[in-house]
Protein chains: 2
Amino acid sequence: MDERLDAIFSALSDPTRRAILARLANGKATVAELADPFELSQPAISKHLKVLEQAGLIRSGREANSRPRILEPAALKTIADWVADYRRFWDESFDRLDDYLSKVQGYEK
Amino acid sequence: MDERLDAIFSALSDPTRRAILARLANGKATVAELADPFELSQPAISKHLKVLEQAGLIRSGREANSRPRILEPAALKTIADWVADYRRFWDESFDRLDDYLSKVQGYEK
DNA sequence: CAGCTATATAGCTAAATGGTTATATTCTGT
DNA sequence: ACAGAATATAACCATTTAGCTATATAGCTG
């Protein structure tokens with residue numbers, strides 16, 4: 001599962017790709033539609049889409065002439081699950097937080 | 001906030017760095033302690049720590065001869081908040097999920 | 001202050017990344 | 001079958017990254 005996390009986090013580290021995901025949250029979109037907001041060449045967008053697809057964050061369809069993309073929620077859930085393991089560190093409702101904060105003194109911001 | 005997300009996701013895309021965070025979830029640790037589980041040189045670990053610190057995921061302290069690291073939960077919360085925006089896509093309790101799944105037909109796995 | 005310990009920095013290299021332009025592929029419509 | 005539209009792939013380039021070894025810095029201890 002480690003390699004899967006590598007690919008997902010790496011895919012998400014690019015703002016263009018996160019913007020593409022945000023767009024796909026509104027429903028499926030063609031490559032041309034996804035490329036529209038950016039000042040990037042079409043191949044650059046195709047590359048980003050390939051990265052997202054290989055990370056499992058999106059899927060490709062086929063519709064007449066175009067190959068629309070849709071969001072693949074499972075990969076995002078993988079990230080949510082990973083980060084949830086650290087939730088106790090910022091969620092005040094956990095008793096351990098105070099302990100933790102007390103240890104934190106003397107660490108430069 | 002976009003650059004912040006870039007740095008955090010990018011930092012998390014490396015398994016060594018995620019393992020370092022996991023170790024720090026058990027409390028502060030020195031560089032030597034953090035390096036121990038890995039077959040990497042000490043400078044390599046220092047580099048990883050720098051990446052984590054610049055992403056705001058950890059902080060450095062000073063204790064006698066050593067510079068122990070601690071977890072910085074805020075950056076992880078940033079990720080949790082970001083991914084939470086997509087929660088409706090995998091959480092069955094949201095009505096829209098069915099709509100979404102119906103659209104998904106015909107997309108290759 | 002000399003030497004040891006802990007860690008950081010410098011300088012190097014190989015591989016990966018993100019962009020480009022040019023070209024290939026696939027489907028639609030005439 | 002052909003022309004055009006939508007998208008993918010190839011080949012290239014510059015930058016970043018992750019590792020290494022060698023060396024520098026900071027603090028402790030005799």
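Side chains included, hydrogens not; waters and symmetry mates left out as well; all remaining heavy atoms used. Here is how names work: the chains are called A, B, and so on, in the same order as the sequence lines, proteins then strands, and each is numbered from 1.
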Would you kindly compare A:Ser10 and A:Glu39 by the position of their nearest DNA chain C nucleotide and give the one closer to the 5′ end?
A:Ser10
Let me spell it out: for each of A:Ala44 and B:Leu49, pick the nucleotide of DNA chain C with the closest heavy atom. Which residue's pick is nearer the 5' end?
B:Leu49
Could you work out which one of C:dT26, C:dT20, D:dT7 sits closest to the side chain of A:Pro43?
C:dT20
Length of the line joining A:Ile45:CD1 and D:dA6:C1', which is rounded to integer Å:
14 Å
Heavy atoms under 4.0 Å, any strand shown: does A:Thr30 hit a base, just sugar-phosphate, or nothing?
sugar-phosphate
From the set D:dC28, C:dT9, C:dT7, return the single nucleotide nearest to any side-chain atom of B:Ala64.
D:dC28
Distance test, side-chain N/O of B:His48 to OP1/OP2 of D:dG19, below 4.0 Å:
yes
Under a 4.5 Å cut-off applied to non-hydrogen side-chain atoms, are B:Arg69 and B:Val31 in contact?
yes
Measure from the side-chain N and O atoms of B:Arg87 to the backbone N and O of A:Ala80, and report whether any donor-acceptor pair falls under 3.5 Å.
no
Atom-pair distance (CZ on A:Phe9; C1' on C:dA16), nearest Å
20 Å
Side-chain N or O of A:Ser46 versus OP1/OP2 of D:dT7: is the shortest distance under 4.0 Å?
no
Kindly indicate whether the side chain of B:Gln42 and the base of C:dA8 share any N or O donor-acceptor pair separated by less than 3.5 Å?
yes
Examine the base of C:dT5 for any acceptor or donor lying under 3.5 Å from a partner atom in the side chain of B:Asn65, and report the outcome as yes or no.
yes
On DNA chain D, check which nucleotide each of A:Ala32 and A:Lys47 is closest to and give me the residue with the more 5' one.
A:Ala32
Write down the distance between CG (B:Asp36) and P (C:dT5), rounded to a whole number of angstrom.
16 Å
Taking the basic N atoms (NZ, or NE/NH1/NH2) and the acidic carboxylate oxygens, is any pair closer than 4.0 Å for B:Lys77 and A:Asp91?
no
So, OP1 or OP2 of D:dA6: does either fall under 4.0 Å of a side-chain N or O from A:Arg67?
no
Can you tell me if B:Lys50 touches the phosphate of C:dT9, counting only side-chain N or O atoms and a distance under 4.0 Å to OP1 or OP2?
yes
Protein-nucleotide distance (B:Asp6, atom CG; C:dT17, atom C1'), rounded to Å
14 Å
Spacing between A:Leu12 atom CG and C:dG18 atom P, to the nearest angstrom
12 Å
Look at the aromatic rings of B:Trp82 and B:Phe9 and report parallel, tilted or perpendicular, splitting at 30° and 60°.
perpendicular
Do the side-chain N or O atoms of B:Arg17 get closer than 4.0 angstrom to the phosphate oxygens (OP1, OP2) of D:dA18?
yes
Between C1' on C:dA16 and CG on A:Asp14, what's the gap in Å once rounded to a whole number?
14 Å
Quick one: is D:dA6 close enough that its OP1 or OP2 comes under 4.0 Å of any side-chain N or O from A:Arg69?
no
Let me know the distance between NZ of B:Lys28 and P of C:dA6, rounded to the nearest Å.
16 Å
Please find the pair of heavy atoms, one from B:Ala19 and one from B:Phe38, that lie closest to each other, and give the distance.
CB-CZ, 3.6 Å
Could you check how far CD of A:Glu63 sits from P of C:dC27, rounded to whole Å?
14 Å
For A:Ala11, is there any backbone N or O sitting under 3.5 Å from a side-chain donor or acceptor partner on A:Arg17?
yes
Distance test, side-chain N/O of A:Ser41 to OP1/OP2 of C:dT20, below 4.0 Å
yes
